[in-house]
Amino acid sequence: MKAAASELKTRASSAGALLRQWRDIRAKTQLDLSFDAGVSQKHISFVESGRSVPSRQMLLDLAQALDVPLRERNELLLAAGYAPSYSDPALDTPAMASINRALRRMLRQHEPFPAIVMDRHWNVLMTNEAAPGLFNCFIDMSARPAPRNLLHLMFDPDGMRPFIANWPQTARGLLARVHREAVGHVVDLTTKALLEELSQYPGVKPEWRAPSASDAMPMIPLSFVKDGVRLDYFSMITTVGTPQTVTAEELRLECMFPANDATESEHGRFMRAHAR
């Protein structure tokens with residue numbers, strides 16, 4: 001009996017601490033959350049202090065009101081002693097078949113310009129032919145370890161960095177994007193580790209870690225230069241609407257478009273001239 005009571009207390013304390021953490025992140029008072037979730041403020045106080053274990057449904061309602069990402073909702077449920085609600089299937093499994101087909105269709109349709117499917121942490125999952133085709137014009141992509149990470153590719157002096165015309169501006173803009181496009185607008189532990197790795201590259205300034213208002217540009221200019229030719233691109237991002245699995249919520253399709261007429265006309269010629 002004592003062991004069961006102790007376990008229950010531990011579950012209540014863990015779930016309450018996580019819930020309080022998310023309420024702080026969303027800058028909501030207990031009263032705000034009470035109105036949004038339809039749960040009494042007193043009950044929320046009891047949950048956060050570990051004096052009460054919320055029901056599974058109440059926990060999901062509170063997580064919904066706090067816009068907690070699906071992966072972190074599973075962590076909340078596990079902390080309270082419940083099974084996760086949201087699956088995390090691989091992209092090539094039957095459960096993800098419809099989304100997989102849609103992504104492949106979009107990748108094909110974006111040729112001859114690069115398009116890349118990434119996970120939450122900027123790891124490359126799928127590309128069209130143009131993406132490695134363009135990067136291979138500058139470096140040997142086969143020498144890059146898998147899984148490839150787009151941010152490391154842009155920050156690494158042995159990657160695309162030497163060919164980026166405005167690298168400091170681009171790098172700072174990319175770091176700002178990491179914060180702005182984080183799932184649930186929260187930088188999770190894995191993303192924090194990624195940011196720390198990026199900060200170790202030479203020339204990355206500490207002040208770039210904190211996004212500023214000036215970083216909120218309408219688009220990230222990404223300009224590559226080789227043999228006197230300059231190619232300017234910008235990106236547009238597609239995500240899955242109303243995702244119901246962790247995988248679906250964390251997928252991002254990034255399509256690169258020519259930023260001007262010169263790049264539009266030069267892109268194909270450059271790819272053919274530098275094809276490996």
Side-chain angles (χ1 to χ4, degrees), residues 1-91 93 95-96 99 118-123 176-196 209-211 237 239-252:
M1 290 290 289
K2 285 186 177 178
S6 177
E7 182 183 352
L8 188 64
K9 185 176 180 181
T10 300
R11 285 165 39 194
S13 178
S14 299
L18 278 176
L19 191 65
R20 170 64 184 270
Q21 177 184 328
W22 276 103
R23 188 171 61 76
D24 288 343
I25 289 172
R26 300 307 186 210
K28 284 190 176 186
T29 66
Q30 289 183 343
L31 186 59
D32 293 333
L33 183 56
S34 173
F35 281 124
D36 293 344
V39 178
S40 74
Q41 182 181 359
K42 182 179 180 181
H43 205 151
I44 292 172
S45 175
F46 271 50
V47 170
E48 289 188 353
S49 63
R51 285 178 288 174
S52 173
V53 178
S55 69
R56 180 186 182 86
Q57 187 57 53
M58 179 185 290
L59 204 53
L60 289 172
D61 291 343
L62 292 170
Q64 175 69 29
L66 290 170
D67 192 24
V68 178
L70 302 186
R71 183 180 297 279
E72 281 73 15
R73 291 188 198 193
N74 282 344
E75 292 176 358
L76 261 176
L77 290 167
L78 285 169
Y82 301 117
S85 276
Y86 304 97
S87 63
D88 189 11
L91 188 52
T93 58
M96 295 293 293
I99 292 177
M118 295 179 287
D119 65 14
R120 178 180 189 171
H121 303 116
W122 298 69
N123 294 312
R177 278 187 56 190
V178 173
H179 291 270
R180 193 167 57 245
E181 298 172 9
V183 173
H185 304 291
V186 172
V187 175
D188 67 337
L189 291 177
T190 304
T191 304
K192 286 180 180 176
L194 173 60
L195 290 170
E196 181 61 30
R209 294 173 64 93
I237 308 297
T239 58
V240 178
T242 60
Q244 293 300 302
T245 69
V246 173
T247 311
E249 183 180 55
E250 298 182 354
L251 284 174
R252 300 159 59 246

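In this chain, residues are counted from 1 in sequence order.
Remark: L189 CG is loosely packed, at most 12 non-hydrogen atoms of other residues, nucleotides or ligands lying under 6.0 Å away.
Of all the heavy atoms in M96 and A90, the pair that sits closest is CG-O, 3.4 Å. When all heavy atoms are compared, the tightest approach of R51 to S45 is NH2-OG, 3.8 Å. The minimum heavy-atom distance between E249 and L70, with the atom names listed, is OE1-N, 2.8 Å. Among all heavy-atom pairs drawn from A80 and V53, the shortest one is O-CG1, 4.2 Å. Of all non-hydrogen atoms in L76 and A63, the two that sit nearest each other are CD1-CB, 4.1 Å. Among all heavy-atom pairs drawn from Y86 and Q244, the shortest one is CD2-O, 3.7 Å.
Under the 3.5 Å distance criterion, the side-chain polar atoms of D119 are matched with a main-chain donor or acceptor of W122. With hydrogens and angles disregarded, no donor-acceptor distance shorter than 3.5 Å links the side chain of T247 to the backbone of L91.
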Could you walk me through whether W22 and L33 pass the side chain to side chain contact (heavy atoms under 4.5 Å, CB included) check? CA-CA 11 Å; W22 276 103; L33 183 56; over 6 Å; no
Applying side chain to side chain contact (heavy atoms under 4.5 Å, CB included) to D88 and N74, what does each step give before you reach the verdict? CA-CA 10 Å; D88 189 11; N74 282 344; over 6 Å; no
Would V68 and L62 count as a side chain to side chain contact (heavy atoms under 4.5 Å, CB included) here? Give the steps. CA-CA 9 Å; V68 178; L62 292 170; over 6 Å; no
Apply side chain to side chain contact (heavy atoms under 4.5 Å, CB included) to the pair K42 and S34, showing each step before the final yes or no. CA-CA 9 Å; K42 182 179 180 181; S34 173; over 6 Å; no
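With values rounded to the nearest 0.5 angstrom, M118 atom CE is found 13.0 Å from E250 atom CD. Expressed to the nearest 0.5 Å, how far CG of L19 lies from CD1 of I44 amounts to 7.5 Å. Annotation: the span from K192 atom NZ to E196 atom CD amounts to 11.5 Å, rounded to 0.5 Å. Rounding to the nearest 0.5 Å gives a distance of 11.5 Å between CG of L66 and CG of L18. The distance from atom CD of E48 to atom CD of Q21, rounded to the nearest 0.5 Å, is 11.5 Å.
When each of S40, P54, S52 is checked for a side chain to side chain contact (heavy atoms under 4.5 Å, CB included) with F46, only S52 meets the rule. When the options R23, R26, K28 are evaluated for a salt bridge (Lys or Arg N to Asp or Glu O under 4.0 Å) with D36, the one that passes is K28.
In this structure, R177 and I237 have side chains that are in contact, with non-hydrogen atoms separated by less than 4.5 Å. Between V47 and H43 there is a side-chain heavy-atom pair separated by less than 4.5 Å.
The existence of a salt bridge linking R120 and D188 is confirmed by a sub-4.0 Å separation between a basic side-chain nitrogen and an acidic carboxylate oxygen.
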